[in-house]
Amino acid sequence: MKSVLMCCAMSAMSVIVAAGTASAGLIDTRNENNLAISKSSNGVLDAGEYGPGNNQSYAGQGGGFGGTLGQGQTYMAADTSNWYVGFTPGNALNDVYVIQFSVNGAGNVTQATHGDGADGGRTASTLANNLSSGLFPVAVGYTLAIGNFGTVLFKYNTANPNGSLDFIQYDGSAWNTSGTSGGFHEIAIPWGNIGLGAPASQIDWFGYYCSGSGYLSNEGSPHSPSFAGPPADGAGNIGFGVAGSAITFADYNRFTTPAPGAAALLGLGGLIAGRRRRN
């Protein structure tokens, strides 16, 4: 993704009360303050494309599947047309990185639905084949499945969230397999694909790393998922879970953009201050 139109940075950001359950914790917030700079997705992590020093990034935790997510970095940016998600894996991307997210605090799913096992991306997204219940920190409406097959955006069906996921968007560009060799890819998601006519004020999200068969690792972002049952293997992974037990995704991250009109108000404020100084 490269910036193709330079303009002044907007310094305002929206302040919105955290959504989620009482036990959930907001861990990291990153802010896009340059919506007016048009961007594009080219699969290369260029200097400063995700904020100064690419600081619009989020770390993972855990290493049970080799650190692909646990040692990886997720990046987010936005312009007036798209939301951009980038990922540098910390190891080979052999499984599925799932990002569950809500848009502007709206969502209808608070735990894994187990409802769609039609393919690897759908199975990992709904934790189909997993015996445990999965408890989410925020109510989500969409899921992004990232694998070496590319990226798929799904929406939970409003009328039947426990049924099949609704397909929204597919990017067939392969995500490079290893972060250690410079692997990186990104996807541009039009705001209309997540139900908006303008940039989202906030996107609350959490991620985890899971096999296409539903075998869950201990790797997550912002934190590793916690499990009330025993580890499935010597690496501390959750695996296929245990019937009657729970997997808890306790925390989440946030991505924000400036509130509508904030930049204009800042500009007006500067103009008024300048006139006062001249008077």
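What's counted below: heavy atoms across the whole structure, side chains too, no hydrogens, waters or symmetry copies.
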**Report entry** Within one Ile-Leu-Val-Met-Phe-Trp-Tyr cluster: Val242 and Ile247, side-chain cutoff 4.5 Å
**Finding:** yes
Query raised in the report: Does anything in residues 118-137 pair up under salt bridge (charged side-chain N to carboxylate O under 4.0 Å, His left out), and if so which pairs, sequence neighbours excluded?
Result: Asp116-Arg122, Asp119-Arg122
Query - CG on Asn218 to CG on Leu69, rounded to 0.5 Å - result: 10.0 Å
**Report entry** Shared hydrophobic cluster, Trp191 / Trp205 (ILVMFWY, side-chain heavy atoms < 4.5 Å)
**Finding:** yes
Query raised in the report: Are Asn104 and Leu196 close enough that some pair of their side-chain heavy atoms sits under 4.5 Å apart?
Result: yes
Query raised in the report: Would you find a donor on one side and an acceptor on the other, under 3.5 Å apart, between the side chain of Ser41 and the backbone of Glu186?
Result: yes
Report summary line: Contacts satisfying side-chain hydrogen bond (donor to acceptor under 3.5 Å, both in side chains) that involve residues 130-144 (not counting sequence neighbours) are Ser125-Thr143
Query raised in the report: Quick one: does Tyr58's side chain have a donor or acceptor within less than 3.5 Å of a partner on Arg254's backbone?
Result: yes
Query raised in the report: With a 4.5 Å heavy-atom cut-off, do Ile27 and Phe206 have their side chains touching?
Result: no
Query raised in the report: Are Asp95 and Cys210 side-chain neighbours, meaning at least one heavy-atom pair lies under 4.5 Å?
Result: no
Query raised in the report: Under the 3.5 angstrom rule, does the side chain of Thr68 hit a backbone N or O of Ala92 as a donor-acceptor pair?
Result: yes
Report summary line: Here the gap from Phe149 atom CZ to Leu93 atom CG, rounded to the nearest 0.5 Å, amounts to 8.0 Å
Query - Residues in side chain to side chain donor-acceptor pair (under 3.5 Å) contact with Asn54, at least two apart in sequence or another chain - result: none
Query raised in the report: Does any pair with a residue in residues 223-245 pass ring-ring contact (aromatic ring centres under 6.0 Å, His included), and if so which ones, sequence neighbours excluded?
Result: Tyr215-Phe240
**Report entry** Qualifying residues under side chain to side chain donor-acceptor pair (under 3.5 Å), relative to Gln56, sequence neighbours excluded
**Finding:** Glu32
Query - Test item: Asn157 side-chain N/O and Ala159 main-chain N/O as donor-acceptor pair under 3.5 Å - result: yes
Query raised in the report: Hey, is the main chain of Ala188 close enough, under 3.5 Å, to the side chain of Gln169 for a donor-acceptor pair?
Result: yes
Query raised in the report: Is there a chain of hydrophobic side chains (I, L, V, M, F, W, Y, each step under 4.5 Å between heavy atoms) that links Phe249 to Leu131?
Result: no
**Report entry** Tyr97-Glu219 side chain donor-acceptor pair, cut-off 3.5 Å
**Finding:** no
**Report entry** CZ-OG1 distance between Phe255 and Thr29, expressed to the nearest 0.5 angstrom
**Finding:** 11.0 Å
Query raised in the report: Within the side chain of Thr248, is there an N or O that forms a donor-acceptor pair under 3.5 Å with the backbone of Ala250?
Result: no
Query raised in the report: Between OG of Ser38 and CG of Asn82, what distance do you get to the nearest 0.5 Å?
Result: 8.0 Å
Query raised in the report: For the residue pair Ala124 and Ser211, what are the closest heavy atoms and their distance?
Result: CB-O, 3.9 Å
Requested in this report: For Asn31 and Thr256, test the side chains for any donor-to-acceptor distance below 3.5 angstrom and give the result as yes or no.
Outcome: yes
Report task. List the steps and the verdict of side-chain contact (heavy atoms from CB on, under 4.5 Å) for Tyr84 and Ile189. Result -> CA-CA 6 Å; Tyr84 300 87; Ile189 300 173; over 6 Å; no
Query raised in the report: Do the side chain of Gln111 and the main chain of Phe136 share a donor and acceptor less than 3.5 angstrom apart?
Result: no
Requested in this report: Verify, without hydrogens or angle tests, whether Thr257 (side chain) and Ala200 (backbone) share a donor-acceptor contact under 3.5 angstrom.
Outcome: yes
Requested in this report: Rounded to the nearest 0.5 Å, what's the gap from OG1 on Thr158 to CG on Asn108? Could you check?
Outcome: 5.5 Å
Query - Any donor-acceptor N/O pair, Ser217 side chain to Tyr209 backbone, under 3.5 Å - result: yes
Query raised in the report: When rounded to the nearest 0.5 angstrom, what distance separates CG in Asp79 from CD1 in Ile37?
Result: 9.5 Å
Query raised in the report: Is there a chain of hydrophobic side chains (I, L, V, M, F, W, Y, each step under 4.5 Å between heavy atoms) that links Val98 to Tyr170?
Result: yes
Report summary line: Those residues at least two apart in sequence (or on a different chain) that pass ring pair (Phe, Tyr, Trp, His ring centres under 6.0 Å) with Tyr156 are none
Query raised in the report: Do Asp204 and Gln202 have side-chain atoms, one donor and one acceptor, less than 3.5 Å apart?
Result: yes
Query raised in the report: Do Trp83 side-chain atoms and Ile187 backbone N/O form a donor-acceptor pair below 3.5 Å?
Result: no
